[in-house]
Amino acid sequence: MSGQWKYLVVEPKTTMMGSFKPEQLQEELDKHGRLGWELVNVVHAMPSLSSSPTLIFKKEV
């Protein structure tokens, strides 16, 4: 299998204070999963209350 991959980087919406609700993260994951995207990594560059994770998805083209 020599597939080619397409990648998608998503930063979930956060509140003014930089936090997010787990339900919102779940909605984001479900939305992209329905579109055929597979979550491959979560990057949290500065784990603090004021930063949100970056979600990295891939999909075969």
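Index from 1, following the sequence.
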With a 6.0 Å cut-off (strictly less than), is the heavy-atom count around NZ of K59, excluding the residue itself, greater than 12?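 Enclosed.
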Taking side chain as C-beta onward, heavy atoms only, is [X] less than 4.5 Å from [Y]?
X   : Y   : answer
L55 : L29 : yes
W37 : K31 : no
P53 : V43 : no
V9  : T54 : yes

To the nearest 0.5 Å, what is the distance between CD on E60 and CD on E38?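 That separation rounds to 10.0 Å.
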To the nearest 0.5 angstrom, please state how far the CD atom of E27 sits from the CG atom of L25.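 Output value for this atom pair is 10.0 Å.
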Ignoring hydrogens, what is the shortest heavy-atom contact between L8 and V10? Give both atom names and the distance.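 Reported closest heavy-atom pair: CG-CG2, 3.7 Å.
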Go through the structure and list residues passing side-chain hydrogen bond (donor to acceptor under 3.5 Å, both in side chains) with Q26, not counting sequence neighbours.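 If we apply the side-chain hydrogen bond (donor to acceptor under 3.5 Å, both in side chains) test to Q26, skipping adjacent residues, the hits are D30.
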Between H32 and F57, what is the ring plane arrangement, given parallel below 30°, perpendicular above 60°, and tilted in between?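 H32 vs F57 ring planes: tilted.
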Report yes or no: do L39 and V61 belong to one cluster of Ile/Leu/Val/Met/Phe/Trp/Tyr joined by side chain heavy-atom distances under 4.5 Å?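 No, L39 and V61 fall in different hydrophobic clusters.
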